There are 2 protein chains.
Amino acid sequence: MQNLTPLSAQFVAHFGEMGSRWGINRTVGQIYALIFVSEKPLNADEIADALEFSRSNVSIGLKELQSWRLVKLRHIAGDRREYFEAPQDVWEIFKNLAEERRRREIDPTLSMLRAAMLETPGNEADQYAQSRMKQMHELIELSSTWFDDVQRLSPETLARLMRMGSSVKTVLDMTDKLKSVGRRKAAGDE
Amino acid sequence: MQNLTPLSAQFVAHFGEMGSRWGINRTVGQIYALIFVSEKPLNADEIADALEFSRSNVSIGLKELQSWRLVKLRHIAGDRREYFEAPQDVWEIFKNLAEERRRREIDPTLSMLRAAMLETPGNEADQYAQSRMKQMHELIELSSTWFDDVQRLSPETLARLMRMGSSVKTVLDMTDKLKSVGRRKAAGDE
DNA sequence: TCGTATTTTCACAAATTATTGAAAATTAGA
DNA sequence: TCTAATTTTCAATAATTTGTGAAAATACGA
C-alpha cells in the first residue's frame, strides 16, 4: 500500500479481511478504513493510488459506502473532484450503520412475518409453524422498536445507560416499586 | 419444495433470499428456516428431501448452523440418525446469535485495535489515525461489555427494559438525582 | 457551446464460493 | 470383528461475485 504507515496499513488490511464477514467486500472495507483514519477528506484518485485499486473499483466502492451512509461526500473550494470523509462522531457512525443494517437485514423479514401472521393455517403443522413465526415476529418487533427508542437518546445518555451495565435491573426494580406505590395511592389495583 | 405448505414454503424461501445479507448462504438459510418452523426435530435426509438439496450440501449446511449455535443436535431413541432442532426459546436464539456474531465479527477487530493502541505513532498523520482508532476502540469496548452485562439479565428483565424504550432516560435521571442526594448526605463531592 | 476533468457504466476476465455425486470414514450393533 | 447404516470429505463443476480497462456519460468553466 502506497504511502501508508505500518499503523494505518495494518488497520486497512484488517478491514479488508473482515469485510466479507461484515457483508461488504474486501475493497470496500479497505476504502472505508482508509477514509476513517484520514484527517482530511480524500478523493477517489487518492484512494485508488493509496490502495492500488483501479479507479473504477474505487468508484463502485464509494457508491457502496455512501449507500451504507458510512462516508459523506464533501466538496472542497476550488476543486472539482469529490472528496469523502467519515463522520467525526463515532456514535453517529454506529447509529447510521445500525439503521442501515436494520433497513436491509431486518425490516424485510418483519414484513414477511407480518404477512404470514395474516394467513389461516391449513393444518396442525402449519399452525405450529405460524406460532413459531409469531414468536420470531414478536422478538424482532420488540427489539427493533426498542432500538428506535434508544437511538433517539443523546450519545451522553446512551453512554450512561451502557456504562450502567447489568445494574439497570436494580433501577428497573426500583422504578417498579415506585410505580406500584403511585398506583396504590391513586386508585386500586388493576 | 417437497411437502411444504405455502406458509412454510414462503418462510423458507425468504430465509434463503436473506441468507446472503446475513452472512450465511441460501442453502443454510433455508435449512435453518425449515428446522425453525418444524415441530419435531429433523434428520438430514428429511431436510434434503424437503428442500431438494443434495445430502452432502445438507451435511455442510448443518455443520455451519451448528457452528453458529443455531441448531441443536438431538438423538432419538431407537434411531441412529442425527436429528436437529432450533431452541424453543427465541431469546435464547437471539443471544446465541449475538454472541456468535460478536465472537466472529467484533472480537478480532477489538484485538487489532488494542494492539494498535500500543504502537507509538511515527508522525502527525499516524497520531491522528491512532486517535481515530482509539475512538473506535472505546465505542466497541463500551457496547460490547454492555452487551455482556445485558445478556446476563433474565429474558423477563430484558423484555421489561426493552418495553421501557426511551423512557429509560427518565429513570436514569431519577437515579442520578437519588445518587447525588446520597453522596451529599454521606460526604462531599468528588 | 466546446473542451476537459472527473465520474460512472459495462463487458469481460479472474477469483471466490456453492453444490454435487461418489468415495471414504465413522458409528453402532450383531 | 464384521456389516450395514449414516455422515463426512473431496475433487469436479456450476454459479456468483469481484475487479479491471476502456468507453460513455456527466459536470463545469471558458
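Everything quoted here is computed from the prediction, not taken from an experiment. Order of the sequence lines sets the chain letters (A, B, ...), proteins ahead of strands, with each chain counted from 1. Hydrogens, waters and symmetry mates play no part in the numbers below; they use all other heavy atoms, side chains included.
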Check your understanding: Rounded to whole angstrom units, what separation is found between the CD atom of B:E82 and the P atom of D:dT8?
Key -> 5 Å

Point to revise | Set of side-chain contact (heavy atoms from CB on, under 4.5 Å) partners for A:R26, sequence neighbours left out | key: A:Q30

Revision key, fill the gap. Looking only at heavy atoms, the pair that brings A:M112 and B:F11 closest together is CE-CD1, 3.7 Å

Study note, to complete from the structure: When rounded to whole Å, the NZ to C1' distance for the pair B:K63 and D:dC10 reads 15 Å

Point to revise | Aromatic ring proximity, centroids under 6.0 angstrom, A:F15 and A:W22 | key: yes

Check your understanding: Roughly how many Å is it from CG in A:D79 to C1' in C:dT7, rounded to a whole number?
Key -> 14 Å

Review point. Looking at A:E92 and A:K95, does any basic side-chain N land under 4.0 Å from a carboxylate oxygen?
Key: no

Revision key, fill the gap. Sequence neighbours excluded, the answer for side-chain contact (heavy atoms from CB on, under 4.5 Å) partners of B:R80 is none

Pairwise N/O distances under 3.5 Å, protein to nucleotides 27-30 of chain D:
| from | atom 1 | to | atom 2 | distance (Å) |
| --- | --- | --- | --- | --- |
| D:dA27 | N3 | A:R80 | NH2 | 3.1 |

Review point. Between B:F94 and B:W91, how do the two ring planes meet: parallel, tilted or perpendicular, split at 30° and 60°?
Key: perpendicular

Review point. For A:E17 and C:dT16, what is the distance between atoms CD and P respectively, to the nearest whole Å?
Key: 13 Å

Review point. Can you tell me how far P of D:dA5 sits from CG of B:N43, to the nearest Å?
Key: 15 Å

Exercise for review: Please figure out whether A:S59 or A:S20 has its closest DNA chain C nucleotide nearer the 5' end.
Suggested key: A:S59

Check your understanding: Please give, in whole Å, the distance from D:dT8 P to B:L73 CG?
Key -> 9 Å

Practice item. Considering only NZ, NE, NH1 and NH2 on the basic side and carboxylate oxygens on the acidic side, decide whether B:E100 and B:R104 come within less than 4.0 Å. Key: yes

Point to revise | Whole-Å gap separating P (D:dT8) and CD (B:E64) | key: 14 Å

Would you give me the side-chain donor-acceptor pairs under 3.5 Å for residues 70-78 of chain B, sequence neighbours excluded?
| from | atom 1 | to | atom 2 | distance (Å) |
| --- | --- | --- | --- | --- |
| B:R74 | NH1 | B:E85 | OE1 | 3.3 |
| B:R74 | NH1 | B:E85 | OE2 | 3.3 |

Review point. What distance do A:M18 atom CE and A:R21 atom CZ have between them, rounded to the nearest 0.5 Å?
Key: 5.0 Å

Expected rows: protein N/O vs nucleotides 11-13 of chain C N/O, under 3.5 Å:
none

Exercise for review: Please state how far atom OH in A:Y83 lies from atom C1' in C:dT7, giving the value in whole angstrom units.
Suggested key: 14 Å

Can you check nucleotides 18-23 of chain D for protein contacts, nitrogen or oxygen pairs under 3.5 Å, and list what you find?
| from | atom 1 | to | atom 2 | distance (Å) |
| --- | --- | --- | --- | --- |
| D:dG19 | OP1 | A:R26 | NH2 | 3.3 |
| D:dG19 | OP1 | A:T27 | OG1 | 2.6 |
| D:dG19 | OP2 | A:T27 | OG1 | 2.4 |
| D:dT20 | OP2 | A:S54 | N | 3.2 |
| D:dT20 | OP2 | A:S54 | OG | 3.2 |
| D:dT20 | OP2 | A:N57 | ND2 | 2.8 |
| D:dG21 | N7 | A:S56 | OG | 3.2 |
| D:dG21 | O6 | A:S56 | OG | 2.9 |

**Study point:** Candidate pair A:R132 and B:E39, rule side chain to side chain contact (heavy atoms under 4.5 Å, CB included), full reasoning
**Key:** CA-CA 9 Å; A:R132 288 294 267 167; B:E39 184 150 22; over 6 Å; no

Review point. B:L65, B:Y83: one ILVMFWY side-chain cluster at the under-4.5 Å cut-off?
Key: no

